[in-house]
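What follows is a set of notes on a single structure, which appears directly below.
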There are 2 protein chains.
Amino acid sequence: MKKISRFSHFGELGDKDYFRIALSVDCVIFGFEDNELKVLVIKCNLNEYKGKWSLLGDLVKPDEDIETASYRILKERTGLNDVYLEQVRTFGKPGRHPAGRVITVAYFSLVNIKNHKLKLSDNELHWHPVNDIQEMAFDHREILQCCLDQLREKIEDYPLVFNLLPGKFSLRELQCLYEAILNTKLDRRNFRKKFFMMDWLIDLDELEVDVPHRPGKLYKFNQEKFGKAVSGMDRNKRTNSVHR
Amino acid sequence: MKKISRFSHFGELGDKDYFRIALSVDCVIFGFEDNELKVLVIKCNLNEYKGKWSLLGDLVKPDEDIETASYRILKERTGLNDVYLEQVRTFGKPGRHPAGRVITVAYFSLVNIKNHKLKLSDNELHWHPVNDIQEMAFDHREILQCCLDQLREKIEDYPLVFNLLPGKFSLRELQCLYEAILNTKLDRRNFRKKFFMMDWLIDLDELEVDVPHRPGKLYKFNQEKFGKAVSGMDRNKRTNSVHR
DNA sequence: CCAAAAGTGTTTTCGTTACACCCATGC
DNA sequence: GCATGGGTGTAACGAAAACACTTTTGG
């Protein structure tokens, strides 16, 4: 007869029938380069999905916190420590991984591509334009779409995009970034007006250099106005948003 | 030497070191009764949390989809089939369950309390007022709060609350429900105006009965305007919301 | 002087808020 | 007739959208 589980308040199987699941984290790491939103992907080396792009993920260690695992993966892959990271959703269809029952928790992350050196020649790690990615390994295409949707919603209300930009940037760069993420055109005057009203920016009194036209002013993100690490969980939501 | 895992693209442990996690679903089942928002809880029978309230949860079966599991739990506990259910977040701190590493996916659900008969005397299943619940077993207090926050955000934009009401209801009942969830007072005239503008309601040309005052008109939810099952995933978001 | 992008205000529209009086019913 | 909640409209405000011309720089 089956051993009665400590989970008898749950169900009727023995413990060993249940403790057979693996947990992974998959990170959708967004970056911004050449006026395009990009995502960090790697060629999959599993036979079933040979040659397809996959997200950066890893199994969570038996005693590791999920969030700790996601920071670890990010650190291992990008070398970056202090990045924006946020849990999005958990995916766990029974057939989603060929090696067995693997549940994955999806996180999205925003990094400044220029701030770190990937060993891009190795292991086919690669920044891929988000708008131009079709098939992926496992259910990673669905995970990417889900994270992209979440990103689009949150940048309307929270100052997340600064994680994708260098410390100094022009308003044009900022607007191009919003346009790239939202995949739309924005009105320049309204965009500028709104950002100044929101008080997210600090004027550095510096100008762009080496641009083949009139140089724009440079700004930095108004950190002090928000917590140290700007997280989507901070309740600094504004009533107005960055819509057209 | 350690067997090399099929997850060699992940890490370096053998498979058996990883496939030792259990997965559960916890449902935060909200209801509305006596002008209060309530949550369905049960007395915990684990020694560690003896007597504390806990959410309704169960382990996900080895080959069961997570979402399927959450519907199963809901069906088992409330007898209801066609309910609103939405994944919120996954909780997995290593020490959160005394029986081992148990990851839990939290769902919130909205049901009409009157539509089903709980065996309330059994197993201490109980509708508890949300505003009046303190300690809970495991990390369930945190899970409840997280789901409540999500509920509050979504009812501003999506027609979810109708899942908590009977088929016919008055505008007063609807407003009381919003006030209970948001824990605030709303202006009656503005509330009515907004709902009519949003076109979420159909006037049934019937009146309340047995009220000790002038009876109000009865309405039903405008189903046709939305998909069959109204889900928060439906992109029927309106630009205006139900704020004050 | 030409190309390219920076910088700048005003008007209109629309949604949000605040607010007070009469009406219908049960008791 | 009194208590309770139902039903109704307007004015002021603020956010969002639409929209065009002049300026500065590099080449």
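Computed over heavy atoms, backbone and side chain alike; hydrogens, waters and symmetry mates excluded. Just so it is clear: chains get the letters A, B, ... in the order the sequence lines come, proteins before strands, and each one is counted from 1.
Closest to the A/His213 side chain, of the nucleotides C/dA6, D/dG6, D/dG9, is C/dA6. Nearest nucleotide to the side chain of B/Asn190, out of D/dG9, D/dG6, D/dA20: D/dG9.
For the pair B/Lys194 NZ and D/dT8 P, the interatomic distance rounds to 18 Å; values are reported in whole Å. Counting to the nearest Å, the P atom of D/dT8 and the CZ atom of B/Phe195 are 16 Å from each other. For the pair B/Leu207 CG and C/dG26 P, the interatomic distance rounds to 10 Å; values are reported in whole Å. Atom CG of A/Leu174 is separated from atom P of C/dA6 by 12 Å (rounded to the nearest Å). Rounded to whole Å, atom P of D/dA15 lies 18 Å from atom CG of A/Asp187. Atom P of nucleotide D/dG6 and atom CG of B/Leu218 are separated by 11 Å, given to the nearest angstrom. In this structure, the CG atom of B/Asp210 is 16 Å from the P atom of D/dG5, given to the nearest Å. Here the P atom of nucleotide C/dG7 and the CZ atom of A/Phe191 are 13 Å apart, to the nearest Å.
Within the 4.5 Å cutoff, no side-chain heavy atoms of A/Phe32 are placed close to those of A/Ile181.
Contact annotation: side chain of B/Lys193 to base of D/dT10, donor-acceptor pair present below 3.5 Å. Within 3.5 Å, no donor on the side chain of B/Arg188 pairs with an acceptor on the base of D/dG5, nor the reverse.
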Practice problem: List the steps, then state whether salt bridge (Lys or Arg N to Asp or Glu O under 4.0 Å) holds for A/Lys93 with A/Asp139. | Solution: CA-CA 9 Å; A/Lys93 284 212 186 3; A/Asp139 49 2; over 6 Å; no

Quiz item: Does the salt bridge (Lys or Arg N to Asp or Glu O under 4.0 Å) test come out yes or no for B/Lys154 and B/Glu86, once each step is laid out?
Solution: CA-CA 11 Å; B/Lys154 295 206 83 156; B/Glu86 171 178 334; 3.2 Å; yes

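Each of A/Arg189 and A/Pro212 was matched to the nucleotide of DNA chain C holding its nearest heavy atom; the match closer to the 5' end belongs to A/Pro212. For the pair B/Leu171 and A/Arg214, both in contact range of DNA chain D, the more 5′-proximal nearest nucleotide belongs to B/Leu171.
The aromatic ring centroids of A/Tyr84 and A/Phe108 lie less than 6.0 Å from each other. The distance between the ring centers of B/Trp53 and B/His128 falls below 6.0 angstrom.
Between A/Arg192 and C/dG7 there is a side-chain N or O to OP1 or OP2 distance below 4.0 Å.
When heavy atoms are screened at a 4.0 angstrom cut-off, B/Arg172 is found touching the sugar-phosphate backbone but no base atom. Using a 4.0 Å heavy-atom distance criterion, A/Lys217 is classed as a sugar-phosphate-only contact.
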